[in-house]
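Here is the structure we will look at, set down as structure tokens.
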2 protein chains.
Amino acid sequence: MPNPSAATPQPLTPDEESLVRALGQVMHVLPRAIDADMVGDRQLPLTEYTALMNLSETPDRRMRMNELAALCYLSLSGMTRTIIRLETQGLVRRERCEEDARGWNAVLTDAGYARLQEAWPSHLAAVRRRFLQHFEGFDLAQLARAFQRAGTAEPTD
Amino acid sequence: MPNPSAATPQPLTPDEESLVRALGQVMHVLPRAIDADMVGDRQLPLTEYTALMNLSETPDRRMRMNELAALCYLSLSGMTRTIIRLETQGLVRRERCEEDARGWNAVLTDAGYARLQEAWPSHLAAVRRRFLQHFEGFDLAQLARAFQRAGTAEPTD
DNA sequence: GATATTTGCTTGACCAATCAAGCTCCGGTT
DNA sequence: AACCGGAGCTTGATTGGTCAAGCAAATATC
């Protein structure tokens, strides 16, 4: 007698189903909503904010393009274009890398630092209001570990 | 004496911080990974899969464009373009709406249904392996409710 | 019942991302 | 020291989405 579950795998339970649907919606809605908040509030799109933020967290406010791209979850070319946008606004400057003349450092300017200072409360508020608020009473550390596991994708076969 | 928290709001706790970062990574990685699985496995991108799936869940395998767009988290024009792609593959057909001649129904063809049947185990496996697996032992229903709250975005001010 | 407004969808212009190709420079080989 | 393979970044072409404008059908108003 053939095993029907070979052709037709177990479907999701109702709880799994609703979790997956809800996550789908969050993945769609959250980044757009937070970006819209930032743009409406401070004229600073989320992608550009993220770049400035990552730069500000280094000791000398500078970083190589490939490292910054990884931290911003952007391709190298996407990063180049983002930095160009920031550069034309005077928020970032590019300097050739001392120890490797192929490389570039993106450097946060004073104007960029000021812009970031001005924008981060807005970002913080958006993250709290749109996301964290809904997880009061949860074990956040445990949740964070689960998401870290899910975020560490094994390559596709 | 001025209140310093007015100028400088409370930063996130370390647990909040890691949860937010991990969620950011998941939101970036998961859709791409699942899409890559589907394309590698069955040549069916996630957006197109989602459209077929939503159509298949209606009693008569057809739906108005605006309703389908909402279920796929797509703008109306994005939906139009997706349906056009599906139509050229013969997986969907468009019919003028009987009771309102402005409207169109996207209709799942037999070929489209077959394609969906062929693809869904792949999607299911990807969702389990890349996401659900990491939440064993969690209260999924409670988690789903929290995500539903977060996914229901209030408009930006 | 003609006209104005609104609704449902498509189309055009645009945008931010990607991938692939190109350019420059590094570093090991000979 | 000239070469060549590879690394670091940019540029060009494409893609999959958005928003705004357009068009046709429906509905409300007079």
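Here is how names work: the chains are called A, B, and so on, in the same order as the sequence lines, proteins then strands, and each is numbered from 1.
Atom CD in A:E99 sits roughly 16 Å away from atom P in C:dC25 (whole-Å rounding). Put simply, CD1 on B:I83 is 17 Å from P on C:dG8, counting in whole angstrom units. As a whole-Å value, the separation of B:D35 CG from D:dG17 P is 9 Å. If you take CD of A:E87 and P of D:dC9, they are 14 Å apart, rounded to a whole angstrom. Distance, A:E67 CD to D:dA7 P: 18 Å, rounded to whole Å.
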Legend entry - Under 4.0 Å protein heavy-atom contacts per nucleotide of nucleotides 17-24 of chain C, with B for base, S for backbone only and - for none: SBB----B
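Between the B:D100 side chain and the B:R102 main chain, a donor and an acceptor come within less than 3.5 Å of each other. At distances below 3.5 Å, not a single donor-acceptor pair connects side-chain atoms of A:T58 with backbone N or O atoms of A:N54.
Using a 4.0 Å cut-off on heavy atoms, the residues of residues 58-66 of chain B that approach DNA chain C are B:R64, B:M65, B:N66, listed by number.
Within a 6.0 Å sphere centred on CG of A:D60, heavy atoms belonging to other residues, nucleotides or ligands number more than 12. Sparse packing is recorded around OH of B:Y113, with 12 or fewer heavy atoms of other residues, nucleotides or ligands lying under 6.0 Å away.
Side-chain rings of B:F138 and A:F138 stay apart, their centers remaining 6.0 Å or farther from each other.
A pairwise comparison of heavy atoms in B:P45 and B:V39 identifies CA-CG2, 3.8 Å as the closest pair.
Residue-to-nucleotide proximity on DNA chain C shows that, of A:D100 and A:E48, the 5′-proximal contact is made by A:E48.
Remark: B:D15 engages no residue in a salt bridge (charged side-chain N to carboxylate O under 4.0 Å, His left out) (not counting sequence neighbours).
Among B:R130, B:R32, B:H123, B:R42, the one residue that satisfies the side chain to side chain donor-acceptor pair (under 3.5 Å) test with B:D37 is B:R130.
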